[in-house]
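Everything numeric in this text was worked out from a predicted model, so none of it was measured. Read the numbers this way: they start at 1 and go in the same order the structure lists the ligands and their atoms.
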Amino acid sequence: MIVLWSGFCFLLWMFHPAYTAQTDLRPNIVIIMADDMGWGDVGANWPETVDTPTIDKLAQEGLRLTDFHAGASVCTPSRGALLTGRLGLRTGLTKNFGTDSLGGIPTNETTIAEILSSAGYRTAMLGKWHLGTQPGHHPLDKGFHSYLGVPYSLDMGCSDPPGANVPLCPACPEENSVYLYDSAPSDCIMDPALPLYRNRSIAHQPVKLADLATMYAEFASNFIHNTSSAPYFLYAALSHMHVPLAHASQYDNVTGRGEYMDTLQELDGLVESILSAVKQTNNNTLFWFTSDNGPWEEKCGLSGSVGPFIGMWQASPEGGGGGSVAKRTIWEAGHRVPSIVYWPQHIKAGTVSNALTSSLDILPTLTSLAGVNLPADRYFDGKDMSSLITGGVRSIREVLFHPINGNGEDGEIGAVRLGCYKVVYYTGGVPDCFRQSGPAQSHADSPLVFNLDVDPSESSPLDRNSSEYFVAAGLARMALMGLRQSVRADNTSTVDYSSSQEGRVCCDRDSPICRCPWD
Ligand SMILES: *[C@@H]1O[C@H](CO)[C@@H](O)[C@H](O)[C@H]1NC(C)=O
Ligand SMILES: *[C@@H]1O[C@H](CO)[C@@H](O)[C@H](O)[C@H]1NC(C)=O
Ligand SMILES: *[C@@H]1O[C@H](CO)[C@@H](O)[C@H](O)[C@H]1NC(C)=O
Ligand SMILES: *[C@@H]1O[C@H](CO)[C@@H](O)[C@H](O)[C@H]1NC(C)=O
Ligand SMILES: *[C@@H]1O[C@H](CO)[C@@H](O)[C@H](O)[C@H]1NC(C)=O
Ligand SMILES: *[C@@H]1O[C@H](CO)[C@@H](O)[C@H](O)[C@H]1NC(C)=O
Ligand SMILES: *[C@@H]1O[C@H](CO)[C@@H](O)[C@H](O)[C@H]1NC(C)=O
């Protein structure tokens with residue numbers, strides 16, 4: 001009966017007049033991903049935050065996903081998870097690339113941009129890539145038709161003026177004065193000047209941080225206005241909220257509450273200008289705002305808000321009395337990020353969903369909305385959310401794996417979500433603002449289990465003798481065994497994490513700083 005019925009629906013769909021017409025009904029797609037922006041940095045999530053009126057309005061007119069997680073808690077693996085729909089255990093993307101890395105995203109890992117461009121979409125990317133700089137690993141090699149942006153994080157190379165950071169790092173030295181670096185604080189990254197790419201060529205080095213938002217807005221607007229014949233996909237991976245913080249002079253002290261909030265307002269303004277280009281051209285556009293991971297707590301007042309996800313156990317005596325609970329950790333604030341989806345006429349205004357979702361789900365969702373199939377020669381960790389966002393179903397998954405990143409066993413699973421339960425295998429080892437980092441601890445034999453419904457601050461693990469604990473820990477162990485089996489049976493890739501001077505991105509090989517004159 002079910003088979004017949006679905007065959008009948010399929011026939012109806014085939015002959016529905018809309019599909020016999022020439023018009024392409026597939027939506028344009030805009031993904032905006034901020035860098036190091038916390039769950040609490042969006043006013044719609046956390047009313048203490050008052051600097052994101054545009055993003056809050058998107059939530060009012062669209063869908064806010066409150067239990068949405070980045071695929072990892074640091075940059076490269078998180079971006080890899082979003083673009084491929086697969087965990088680092090499969091793609092090999094388990095830790096960050098450096099400025100002189102030779103490798104990048106594996107050439108046979110398929111990105112959303114490759115899938116959508118094969119389906120007829122025009123694709124463009126702006127902002128931070130962080131998936132390799134060498135030939136074969138550039139955004140233009142992985143499905144994007146046009147690119148403007150920086151190859152990695154804003155602190156991976158000097159800039160002048162240097163922007164706000166902790167510690168404050170010096171501007172790029174003048175040519176032939178590399179020795180000046182000797183006086184820089186030891187935790188400033190002593191790399192060549194930060195480059196800005198326009199497609200494959202370096203447009204500026206060092207990039208002018210304060211001009212980035214304006215350049216990105218202009219690039220997005222040109223792309224949106226100039227793409228009329230096909231649906232488009234824009235992936236806007238903003239550098240905003242990663243240190244060093246910088247913004248256009250019109251945002252100087254606009255909030256009177258410091259550099260972080262001024263920069264957050266600039267981010268909101270940038271979102272507004274991209275949105276307004278969309279509204280001027282075509283409202284059949286799905287607009288998705290999120291972040292790559294939580295705040296970088298080591299940066300103190302220059303890091304964002306974790307909202308209610310304060311990972312209290314880490315500060316307990318068993319946790320070692322402190323340490324970060326955000327970026328680089330498996331605590332909620334490490335990977336639970338803002339997620340707002342706006343698509344007029346398809347998503348009901350003001351919807352809030354607490355369904356367990358992930359940036360891993362973006363690829364299967366967009367693939368489905370574009371009307372194409374997922375590649376059949378590999379497994380995906382992400383799930384199609386299209387009927388969740390349009391209100392057809394209430395949940396798509398009960399299980400989600402959180403990898404360990406930037407510390408310890410990169411890529412291994414450090415926590416498992418099972419409905420409201422979170423089973424934690426690995427804690428500590430990441431510095432907070434006070435430079436405290438509780439000891440890195442494995443809880444493999446006896447994990448901590450939290451019930452996030454009643455304990456979002458992860459303060460009180462369940463009693464290890466309770467039946468609730470027994471069931472949650474047992475199911476998590478089975479889920480992990482299932483994951484390992486699936487990874488073994490899968491086509492997985494390996495990533496070259498080696499580095500050498502040849503991997504440096506430089507506009508002028510004779511310049512030790514890679515400083516080139518402009519204008
Ligand atoms: C990148 O190249 C494409 C194709 O030549 C072009 O349409 C696009 O404008 C270029 N992007 C930039 C930022 O120059
Ligand atoms: C299309 O893009 C070009 C730059 O590539 C720009 O000069 C032009 O203004 C854009 N068109 C519109 C309508 O924005
Ligand atoms: C920023 O503005 C606040 C009041 O809005 C003022 O008290 C403060 O001195 C200003 N700071 C700077 C650096 O101008
Ligand atoms: C898109 O919707 C807005 C209202 O939200 C409207 O003002 C605008 O004209 C629409 N744009 C197009 C191209 O139809
Ligand atoms: C792995 O790739 C091979 C060759 O393309 C294919 O036959 C096989 O089905 C793939 N395995 C999975 C799990 O998709
Ligand atoms: C848990 O059970 C063990 C042995 O089954 C026992 O030694 C221990 O006291 C119990 N702990 C609590 C908190 O009940
Ligand atoms: C990528 O290529 C390598 C080497 O040929 C292979 O082992 C791996 O299974 C491929 N990965 C995928 C996802 O097909």
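- At distances below 3.5 Å, at least one donor-acceptor pair connects side-chain atoms of S101 with backbone N or O atoms of G98.
- Only the backbone of Y147 comes within 4.0 Å of ligand 1, counting heavy atoms alone; no side-chain atom from C-beta on gets that close.
- Below 4.0 Å from some heavy atom of T281 lie the following atoms of ligand 4, by number and element: 13 (C).
- The pair D56-R64 does not meet the salt-bridge criterion, since no charged nitrogen lies less than 4.0 angstrom from a carboxylate oxygen.
- At least one donor-acceptor pair closer than 3.5 Å links the side chain of E297 to the backbone N or O of V325.
- Between Q280 and ligand 4, no N or O atom pair is found at a separation short of 3.5 Å.
- A 4.5 Å side-chain heavy-atom check between M37 and L267 finds at least one atom pair inside the cut-off.
- The SG atoms of C506 and C514 are placed within less than 2.5 angstrom of each other.
- The heavy atom nearest to atom 13 (C) of ligand 1, out of those in M125, R198, H145, is found in R198.
- Looking at ligand 4, you'll find an N or O of K279 within less than 3.5 Å of one of its N or O atoms.
- For atom 4 (C) of ligand 4, the nearest protein heavy atom lies 4.0 Å away or farther.
- For atom 1 (C) of ligand 3, the closest non-hydrogen atom of the protein is N253 ND2, 1.5 Å.
- The protein does not reach atom 9 (O) of ligand 3 closely, with no heavy atom under 4.0 angstrom from it.
- Taking only non-hydrogen atoms, the option from N222, N199, L126 nearest to atom 12 (C) of ligand 1 is N199.
- At least one side-chain heavy atom of S153 sits under 4.5 Å from a side-chain heavy atom of H130.
- Between Y147 and H138, the ring planes are perpendicular. Angles over 60° get that label, and only those under 30° would be called parallel.
- Atoms of ligand 4 found under 4.0 Å from any heavy atom of N283 (numbered from 1 in listed order, with element): 1 (C), 2 (O), 3 (C), 8 (C), 10 (C), 11 (N), 12 (C), 14 (O).
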